[in-house]
Amino acid sequence: LVLAAWLSDYAGARGLYAVALASGLTDVDAITLSSLRLREIGRIGDREAVVAIGLAIVANLAFKAGLAFAVGGRRLGLQCLGGFGATMLAVAAALAVTG
């Protein structure tokens, strides 16, 4: 929360988005809670919170897809892509609605 707030103050929404991409690689919960808290106290708007959470989800799915291919092989990786793709479409829809 501190890093997200500081980067949001220092670099604006881009700073928050950078934190979202980096933290989303391993965990989506922390950036989701941080973004929602910053929105609640008025430090960021609805759109910024949705974009930050969306970026974290996309980063997390990309990381998991890479792991599926690297550890499970091509077959497992391809099996995971359908579900990951559906989730990414839902994120894109959320971004379009808040746009």
Side-chain angles (χ1 to χ4, degrees):
L1 179 59
V2 173
L3 181 60
W6 178 77
L7 273 174
S8 180
D9 285 343
Y10 181 73
R14 290 182 183 165
L16 177 63
Y17 300 159
V19 171
L21 282 171
S23 68
L25 291 174
T26 58
D27 181 36
V28 177
D29 297 342
I31 194 64
T32 299
L33 294 173
S34 296
S35 296
L36 292 175
R37 177 71 179 138
L38 290 172
R39 187 206 153 276
E40 179 183 323
I41 63 174
R43 302 279 299 272
I44 63 172
D46 293 344
R47 174 87 175 146
E48 289 82 12
V50 170
V51 171
I53 294 167
L55 286 172
I57 291 169
V58 169
N60 190 267
L61 290 173
F63 182 73
K64 288 178 181 178
L67 281 178
F69 276 101
V71 175
R74 186 172 191 267
R75 183 173 177 209
L76 177 64
L78 291 174
Q79 288 174 342
C80 292
L81 286 182
F84 291 166
T87 303
M88 287 186 185
L89 285 175
V91 169
L95 292 172
V97 168
T98 61

**Request:** Measure the CZ-CD1 distance between Arg37 and Ile44 for me, rounded to the nearest 0.5 Å.
**Result:**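 Between Arg37 CZ and Ile44 CD1, I get 12.0 Å after rounding to 0.5 Å.
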
**Request:** Please round to the nearest 0.5 Å and tell me the distance separating atom CG of Leu38 and atom CD1 of Ile31.
**Result:**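 Between atom CG of Leu38 and atom CD1 of Ile31 there are 8.0 Å.
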
ILVMFWY network linking [X] to [Y], side-chain heavy atoms under 4.5 angstrom:
| X | Y | result |
| --- | --- | --- |
| Ile41 | Leu16 | yes |
| Val51 | Val91 | yes |
| Leu95 | Leu36 | yes |

**All side-chain hydrogen bond (donor to acceptor under 3.5 Å, both in side chains) counterparts of Asp46, not counting sequence neighbours** =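 Asp46: side-chain hydrogen bond (donor to acceptor under 3.5 Å, both in side chains) contacts with Arg39.
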
Enumerate, atom names and distances included, each donor-acceptor pair closer than 3.5 Å involving a side-chain atom of residues 66-79, sequence neighbours excluded.
none

Show me the donor-acceptor pairs within less than 3.5 Å that the side chains of residues 53-62 make with the rest of the protein, sequence neighbours left out.
residue	atom	partner	partner atom	Å
Asn60	OD1	Lys64	NZ	3.0
Asn60	ND2	Gly24	O	3.0

**Prompt:** Is a donor on one side and an acceptor on the other found under 3.5 Å between the side chain of Ser35 and the backbone of Thr32?
**Reply:**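 Looks like no, no N/O pair under 3.5 Å.
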
